[in-house]
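Atoms considered below: every heavy atom in the structure, side chains included; atoms not considered: hydrogens, waters and symmetry mates. Since the model is a prediction, treat every value here as computed from it, not as a measurement.
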Amino acid sequence: QVQLVESGGGSAQAGESLRLSCVATGRSDKFNYLAWFRQAPGKEREGVATINTRVSTKYYGDSVKGRFTISLDNDKNTVYLQMDSLKPEDTAVYYCAAAWLGSSTTWTAAAEFHSWGQGTQITVSS
């Protein structure tokens, strides 16, 4: 079993920054990818960023490339999402997720992830 607990949600003005944290506990052998997803009202869950916990390879969704940065502190079992240059369209509930993926090509598929955090709200105003 893997447990994920997010923190750091809140509100920001457009152009400002926020940082999310997610602590992973339990069976670390059950995942090799940690990811951030988000879901806005009436929309599907969207892959934001992911990191391979073995080799630290990172991937980003097109809508956040150049603005968001995912990082991993293996000593603290914590994955971070640094969100810069926030836009109102970044408003959503953000989730941390864990998966064992045979290929990075499926990282945006929420169904591939077996463990999820409770979600944290990010609201960006213009």
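Glu89 CD to Lys43 NZ: the interatomic distance, rounded to the nearest 0.5 Å, is 8.0 Å. Separating the CZ atom in Arg38 from the CD atom in Gln121 is a distance of 12.0 Å, to the nearest 0.5 Å. Separating the OG atom in Ser115 from the CD atom in Gln1 is a distance of 7.0 Å, to the nearest 0.5 Å. To the nearest 0.5 angstrom, Leu81 atom CG is 11.0 Å from Glu6 atom CD. Separation of atoms CD1 (Ile51) and CH2 (Trp36) is listed at 12.0 Å; rounding is to 0.5 Å. To the nearest 0.5 Å, atoms CD (Gln82) and CG (Leu20) are separated by 9.0 Å.
For the pair Ala49 and Tyr60, the tightest heavy-atom approach, listed with the atom from each and the gap, is CB-CD2, 3.6 Å. Across all non-hydrogen atoms, the minimal contact from Arg54 to Asn52 is N-OD1, 2.7 Å. Of all non-hydrogen atoms in Ala14 and Pro88, the two that sit nearest each other are CB-CD, 4.2 Å. Nearest heavy atom pair, residue Ser21 against residue Thr78, reads CB-CG2, 4.2 Å. Pairing each heavy atom of Val64 with each of Val48, the nearest pair is CG2-O, 3.4 Å. When all heavy atoms of Gly119 and Val93 are compared, the pair lying nearest together is CA-CG1, 3.9 Å.
Using modelled atom types, no side-chain atom of His114 and backbone atom of Val2 make a donor-acceptor pair closer than 3.5 Å. Put simply, the side chain of Ser28 never gets that close to the backbone of Thr25: no donor and acceptor are under 3.5 Å apart. A donor-acceptor pair under 3.5 Å is absent between the side-chain atoms of Lys58 and the main chain of Thr69, judged by distance alone. Using a distance-only test at 3.5 Å, with no hydrogens or angles considered, no donor-acceptor pair links the side chain of Thr105 to the main chain of Ser103. The closest donor-acceptor contact from the side chain of Glu112 to the backbone of Ala109 lies at 3.5 Å or more, if one exists at all.
Judged purely by distance below 3.5 Å, without hydrogens or angles, the side chains of Arg45 and Thr108 never pair a donor atom with an acceptor atom. A side-chain donor-acceptor contact under 3.5 Å links Gln13 and Ser125. Side-chain contact check for Tyr59 and Ser104: at least one donor-acceptor pair (N or O, by modelled atom type) lies under 3.5 Å. For the residue pair Glu46 and Ser63, a side-chain donor N or O sits within less than 3.5 Å of a side-chain acceptor on the partner. No side-chain donor-acceptor contact under 3.5 Å links Thr53 and Asn32.
Remark: aromatic rings of Phe113 and Tyr95 are distant, center separation not under 6.0 Å.
By the 30° and 60° cut-offs, the orientation of the rings of Tyr94 relative to Phe68 is tilted.
Residues Tyr80 and Val23 do not share a hydrophobic cluster, clusters being chains of Ile/Leu/Val/Met/Phe/Trp/Tyr side chains in contact below 4.5 Å. Following chains of ILVMFWY side-chain contacts shorter than 4.5 Å, one cannot reach Val79 starting from Tyr33, and the two form parts of different hydrophobic clusters.
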Run the side chain to side chain contact (heavy atoms under 4.5 Å, CB included) check on Leu101 and Trp107 step by step: do they pass?
CA-CA 8 Å; Leu101 301 177; Trp107 80 265; 4.0 Å; yes
Could you go through Leu34 and Leu4, starting from their C-alpha distance and side-chain angles, then the distance that decides it, and tell me whether this counts as side chain to side chain contact (heavy atoms under 4.5 Å, CB included)?
CA-CA 10 Å; Leu34 290 173; Leu4 303 169; 4.3 Å; yes
Chi angles and distances behind the side chain to side chain contact (heavy atoms under 4.5 Å, CB included) call for Lys87, Val124
CA-CA 6 Å; Lys87 302 177 180 180; Val124 183; 5.5 Å; no
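Among the candidates Leu86, Asp90, Asp84, the single residue satisfying the side-chain contact (heavy atoms from CB on, under 4.5 Å) test with Leu18 is Leu86.
In the displayed structure, Gln118 atom CD is contacted under 6.0 Å by more than 12 heavy atoms of other residues, nucleotides or ligands.
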